[in-house]
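Below you'll find the structure, written out as structure tokens, and then a few comments.
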Protein chains: 2
Amino acid sequence: MKSGAKKVQDKLAIDKNSVIPIYYQLAKFLEEQIQTGRLQPGEALPTEMELAQQFGISRMTVRKAIGELVAAGMVYTQQGKGTFVSVPKLDNVVFELDNYNQEIKERGLTGKATLLEARIVRANQQLMNKFQISDENTRFLYFRMVLAAEGEPLAYERKYTIYTKRKPILESELQDPSLTKLVSAHSDSMPVSSKKVLQVSVATKEEASILQIPIKAPVFVMEQTVYNAEHQPVGWSKSVYRGDRYQLTAYDGWHSKEG
Amino acid sequence: MKSGAKKVQDKLAIDKNSVIPIYYQLAKFLEEQIQTGRLQPGEALPTEMELAQQFGISRMTVRKAIGELVAAGMVYTQQGKGTFVSVPKLDNVVFELDNYNQEIKERGLTGKATLLEARIVRANQQLMNKFQISDENTRFLYFRMVLAAEGEPLAYERKYTIYTKRKPILESELQDPSLTKLVSAHSDSMPVSSKKVLQVSVATKEEASILQIPIKAPVFVMEQTVYNAEHQPVGWSKSVYRGDRYQLTAYDGWHSKEG
DNA sequence: TAGTGGTCTAGACCACCGG
DNA sequence: CGGTGGTCTAGACCACTAA
């Protein structure tokens, strides 16, 4: 089976005098071996010592290169056995949704956030639940806004934060009114973590009117709760996204960032 | 401002004779300094040399510890300047949806996949588009199935793969019929990457009937395309998930895996 | 027991940044 | 210019695996 030890081709793949780091060159070289199938899933890479000797470099440098591939999920190591090519896992889903401003920029659109309402509200049962408090006199800062691009409404957002500071609402908050900025500006607590839940729903009459879609049209609903260092909720928002304008996309498998 | 250089507390934090690697101890120690606020966002960590001297360890070991924090997104480095505590980014969304079997197991439910139909179909316009082919004689293996838990239907899936092998449909495929397994079993190509698109929609008459929900009830629709090494589509599926039973959750901020 | 990856050291030179 | 992080070396010892 292991006849001739299957050298990993010419050592010309590494230029020790290049400005490009050696570990990076080696990582890309091994990555190519895998992508092209010269190294098959499950197959063992040459040992660290072999690679170091073949390319005339230090073992630590080899380890750094392999570390990159491990981080990328392309190979895995087993102490005492070796380093092996991974089998691509394609069945898990990781969806990314950039925030509003990034989306708008990337699409080259003329985005606009319109503030419909901003006021101080007292606690009600829903807010007391969401913020896990029992003091009925707690006051919240309430933002209600529409996000639009190219003149078309895309999302409707309602945001709440516990109101303690008496700071005026800044111009900048109207441009990019993210929940975390709202919290850090008007609350005593610094937000350090958040939880988001994405659900599917149909537009209510109010939402349909604002988003200019039919009543009961399908929409994404995202609820976000931000917490301070003590794990207490300090901000909550509910955003409704037009189902005909938003989708989540996920790419899976081996994807080299530059290759 | 920098009075006394703010030592990072006692060096008793590191036990060089412990079985726990030094770099790991140091990473956890620095992580704690950040989590508890003794190191504030934007603030500089001690330099690598300072940390190495303070704890009597090698600079390479310090670098490995810092590398862990960088990978976790808690700090970032700037060549020539220093290493700094990150500000938590809470506005990007990364939703994870485990695959069906994992979900069922984690929830401790009795899951079941019921095959409604499995047959060979010829190309139609939709399939020729999805697979980017023009040969009308191409044949596809077509799976249609319902996923259920606790006797309640949860999802309805339709899967296609280019049919080349004449392998019989195995018992195991009926138990865990993931698209990638379907492709690797019945197609000539090995799937190496995939693209998934998640959208919101309303149930058609057929879907409503199968999922036992009202017509036009909101649903998640996920389309998955799997590609071979040559970036050619070799499998395509469309899954419909009940909107009242599925949601995507994302946690954001600093979350140490063990701490 | 021999070979593997995991950790660690004590240096070295470099590119970059700021004053 | 001095200080920072980025790269690299040539060793060393260890824990683990397999024969």
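For clarity, every value in this text was computed on a predicted model and none was experimentally measured. By convention in this document, chain letters (A, B, ...) are assigned in the order of the sequence lines, proteins followed by strands, and residues within each chain are numbered from 1.
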Residue list, side-chain hydrogen bond (donor to acceptor under 3.5 Å, both in side chains) with T180(B), at least two apart or on another chain: D91(A), S178(B)
5' to 3' on DNA chain D, which nucleotides open and close the contacts with chain A (atom under 4.0 Å from a heavy atom)? dT7(D) to dA18(D)
Applying ring-ring contact (aromatic ring centres under 6.0 Å, His included), can you list everything that pairs with Y23(A), at least two apart in sequence or on another chain? none
Looking at residues at least two apart in the chain, or sitting in another chain, which of them share a ring-ring contact (aromatic ring centres under 6.0 Å, His included) with F220(B)? none
Separation of L45(A) atom CG from dG5(C) atom P, in whole Å? 9 Å
Atom pairs and distances, side-chain donor-acceptor, residues 225-234 of chain A, under 3.5 Å, sequence neighbours left out:
residue	atom	partner	partner atom	Å
N228(A)	OD1	E230(A)	N	2.9
N228(A)	OD1	H231(A)	N	3.2
N228(A)	OD1	Q232(A)	N	2.9
N228(A)	ND2	S189(A)	OG	3.3
N228(A)	ND2	Q232(A)	OE1	3.2

Let me have the donor-acceptor pairs involving side chains of residues 66-85 of chain A, under 3.5 Å, with sequence neighbours excluded, atom names and distances please.
residue	atom	partner	partner atom	Å
Q78(A)	OE1	K81(A)	NZ	3.3

Y23(A) vs M60(A), nearer the 5' end of DNA chain D by closest nucleotide: Y23(A)
Across all chains, not counting sequence neighbours, the side-chain hydrogen bond (donor to acceptor under 3.5 Å, both in side chains) partners of T161(A) are none
Is there any protein nitrogen or oxygen under 3.5 Å from a nitrogen or oxygen in nucleotides 17-19 of chain C, and what are the pairs?
residue	atom	partner	partner atom	Å
dG18(C)	OP1	K81(B)	NZ	3.4

Using side-chain hydrogen bond (donor to acceptor under 3.5 Å, both in side chains) as the criterion, list what pairs up with E48(A), not counting sequence neighbours. R59(A), R63(A)
Once you apply a heavy-atom cut-off of 4.0 Å, does I57(B) come out as touching a base, just sugar-phosphate, or nothing? sugar-phosphate
